Amino acid sequence: MDQTHHQELVAKANQFIEAHHNEVNKQSYPHYHLAPRYGWINDPNGFCYALGKYHIFYQFYPYDAKWGPMHWGHATSTDLIHWQHELVALAPSEDYDRDGCFSGSAIEHDGKLYLIYTGHKVLVEAGDDSIAREVQALAVSTDGIHFEKLGVVIEPEDEGIHNFRDPKVWKDETGLFHVVFGATNLKHEGEIRQYTSHDLMHWELVSVIKEMEDNAFMYECPDFFEVNDHKWVLATSPMGQAPVGYNRQNPSVNSWQSGSFDGKTFTPDTKLYEVDHGHDFYATQSTSTPDGRRIVLAWMNMWKLPFLNYSHHWCGALTLPREITYKNGHLYQAPVKEAQSLRLSEHHVAAADSTLKSTFKTLTSNAATELQFSFKPDENSAEQYGIAIGNSIRLFVDRQTKTLTLFRLDLNATSYRALPIAWDQEHKLQIFIDNSSIEVFIDDGHDTMTSNFFGTDHTVSLYATNGQAEFKGLTVYDLERPLFGA
Ligand code: FRU
């Protein structure tokens with residue numbers, strides 16, 4: 001390993017960002033979601049609590065607002081909400097990672113922070129990432145900021161395997177390290193493999209914890225963790241599964257399943273199912289907190305769907321961190337309680353002002369807003385009711401399809417996602433709006449919908465068409481903007 005060469009490439013990226021971040025057009029830039037200071041980000045990587053704080057790394061191309069040879073960007077936080085940008089952690093510098101330091105994870109061990117990631121090397125002409133040699137590689141840091149590469153630790157058994165990536169590491173109670181990652185086997189079927197190690201350097205293939213389901217030829221970014229009730233959750237982003245009804249309508253989909261795990265075999269008690277019903281949610285990664293919660297976040301974009309304007313010099317953001325719990329056979333994702341620290345002011349709308357009849361009402365034009373309200377579909381006569389954001393978003397209850405629908409109306413990106421809802425029950429919505437994104441938590445996180453939008457009018461209105469609707473307990477919060485000027 002040529003550590004000097006790596007440090008030079010990291011320094012070059014840091015200098016470039018420092019010299020150019022003022023050129024970023026902040027028109028659509030998030031106010032409280034983590035986004036790059038300059039350039040492109042995709043998957044969250046290395047999410048962990050280590051050396052006394054939270055670390056989040058991410059797939060990062062620092063030189064342009066588009067995907068390119070992947071670096072690892074880095075930010076730290078003490079509360080999961082207020083993030084501080086740190087120096088670039090990894091740059092592609094060795095033969096085995098020359099075309100990218102792809103996704104991976106992190107773990108603290110013996111007072112040091114280890115990153116395990118995929119080295120990506122294209123075998124044909126540059127740019128064709130489908131025929132590549134992928135290996136799992138290790139890097140280490142004593143200060144949690146500067147990383148030294150330790151080389152390749154897992155190689156494919158067969159050189160015909162081109163998808164072999166995205167290791168997620170954890171340590172069990174006996175001190176044994178585990179990783180899971182996705183691979184396409186020689187039959188072109190997706191599988192998730194588990195390896196174990198005593199020292200993070202030497203790894204042994206132990207089992208295949210997931211085989212091909214519904215034609216998935218690759219499982220990107222698998223994550224595997226225990227939640228309450230001894231349930232294990234396999235979260236992954238399968239490639240190749242066809243849309244079914246309201247599900248899997250995005251070009252790539254993030255799906256989870258729960259089950260039991262004996263250290264070797266995962267026995268699911270559900271099929272893989274989509275956990276977010278919006279347009280932009282991919283490549284989840286989770287970690288546990290010192291107080292025992294399991295927290296997940298995702299890339300708040302999606303391959304092959306429209307992205308924000310490249311000329312703005314930034315692209316991509318991460319979702320709010322979400323706490324995962326298992327209740328009555330279902331996985332919930334609720335915003336972490338620390339998100340309440342973003343609230344600057346709280347406005348309760350009187351009941352008389354939150355019942356609408358064939359009209360609309362402007363609520364706020366603050367681009368950093370949290371909203372909460374409840375509704376009972378069978379008590380409302382309106383054909384459609386919900387909220388609108390400028391001319392970009394309609395989030396509405398729809399009488400014809402009996403769904404909650406998230407409709408993005410921006411030109412060139414017009415598309416809706418819909419979630420069937422029980423008609424005779426009260427539902428609660430918690431909605432986070434952040435300049436160009438909306439995250440909707442339904443019934444305390446029983447379901448979520450996450451999407452970007454592209455318009456610049458942030459006026460949030462309530463509306464009800466062809467009838468009456470009551471928005472119960474309507475509360476509007478103005479939120480802090482900690483990341484806007486960072
Ligand atoms: C998922 C993914 C990963 C890969 C990374 C490359 O979005 O395709 O499988 O490691 O992005 O940036």
Side-chain angles (χ1 to χ4, degrees), residues 1-17 39 42-43 45-48 50-51 55-63 68-76 86-123 126 129 131-159 161-169 171 177-179 181 183 193 195-205:
M1 262 70 55
D2 185 346
Q3 307 295 351
T4 312
H5 182 49
H6 182 230
Q7 290 317 323
E8 281 165 6
L9 292 173
V10 164
K12 183 177 160 212
N14 287 323
Q15 283 156 15
F16 184 88
I17 297 161
N42 52 283
D43 316 347
N45 295 154
F47 188 25
C48 64
L51 310 178
H55 295 255
I56 187 73
F57 300 82
Y58 46 83
Q59 289 287 278
F60 185 36
Y61 185 58
Y63 298 107
M70 283 288 115
H71 295 54
W72 275 37
H74 184 197
T76 56
E86 302 287 1
L87 299 174
V88 170
L90 295 176
S93 62
E94 296 292 324
D95 185 59
Y96 60 81
D97 64 12
R98 69 174 186 208
D99 294 304
C101 300
F102 273 19
S103 283
S105 51
I107 194 162
E108 184 182 322
H109 175 49
D110 283 347
K112 296 180 190 142
L113 181 54
Y114 286 83
L115 309 181
I116 181 162
Y117 68 98
T118 298
H120 179 76
K121 175 175 165 180
V122 173
L123 296 179
D129 284 280
I131 312 283
R133 183 163 200 274
E134 298 190 319
V135 295
Q136 316 320 330
L138 206 62
V140 68
S141 171
T142 46
D143 65 2
I145 304 291
H146 301 89
F147 289 85
E148 188 179 308
K149 290 189 178 173
L150 296 177
V152 175
V153 292
I154 304 177
E155 300 185 297
E157 308 66 49
D158 192 298
E159 294 302 321
I161 291 183
H162 302 302
N163 291 319
F164 191 75
R165 61 176 176 273
D166 307 340
K168 178 69 200 295
V169 64
K171 187 159 95 167
F177 295 103
H178 300 243
V179 286
F181 58 85
R193 298 176 173 200
Y195 286 63
T196 57
S197 170
H198 290 282
D199 59 4
L200 292 169
M201 290 295 288
H202 304 89
W203 292 91
E204 194 187 335
L205 176 61

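Values in this document were obtained by computation on a predicted structure and should not be read as measured data.
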With side chain to side chain contact (heavy atoms under 4.5 Å, CB included) as the criterion, how do L138 and W203 come out once you've worked through the C-alpha distance, each side chain's angles and the decisive distance to 0.1 Å?
CA-CA 12 Å; L138 206 62; W203 292 91; 5.6 Å; no
Closest heavy-atom contact between [X] and [Y]?
X	Y	result
L87	I145	CD1-CG2, 4.0 Å
L205	E157	CD2-OE2, 4.5 Å
L200	V153	O-CG1, 4.0 Å
S93	K149	OG-NZ, 2.8 Å
C101	L90	SG-CB, 4.1 Å
Y117	Y96	OH-CE1, 3.8 Å

Please report the interatomic distance [atom1]([X]) to [atom2]([Y]), rounded to the nearest 0.5 Å.
X	Y	atom1	atom2	result
Q3	E148	CD	CD	4.5 Å
S197	H202	OG	NE2	8.0 Å
Y58	D43	OH	CG	13.0 Å
H55	F47	NE2	CZ	11.0 Å

I would like to know whether L113 and F147 meet side chain to side chain contact (heavy atoms under 4.5 Å, CB included); could you show each step before the answer?
CA-CA 9 Å; L113 181 54; F147 289 85; 3.9 Å; yes
Counting C-beta onward and ignoring hydrogens, is there a side-chain heavy-atom pair between [X] and [Y] closer than 4.5 Å?
X	Y	value
F164	I154	yes
H178	V169	no
I107	K171	yes

Would you say the rings of F102 and F181 are close, in the sense that their centroids are separated by under 6.0 Å?
no
Can you tell which of D97, D95, D99 makes a salt bridge (charged side-chain N to carboxylate O under 4.0 Å, His left out) with K121?
D95
Any side-chain donor paired with an acceptor under 3.5 Å for E86 and T76?
yes
Only counting residues at least two apart or in another chain, list the ones meeting salt bridge (Lys or Arg N to Asp or Glu O under 4.0 Å) with E155.
R133
So the side chain to side chain donor-acceptor pair (under 3.5 Å) pairs with at least one residue in residues 105-115 (sequence neighbours excluded) are none
For H120 and V122, run side chain to side chain contact (heavy atoms under 4.5 Å, CB included): C-alpha distance rounded to whole Å, both residues' side-chain angles, the deciding distance at 0.1 Å, then the answer.
CA-CA 7 Å; H120 179 76; V122 173; 3.7 Å; yes
Steps toward side chain to side chain contact (heavy atoms under 4.5 Å, CB included) verdict (Y61, M70)
CA-CA 5 Å; Y61 185 58; M70 283 288 115; 4.0 Å; yes
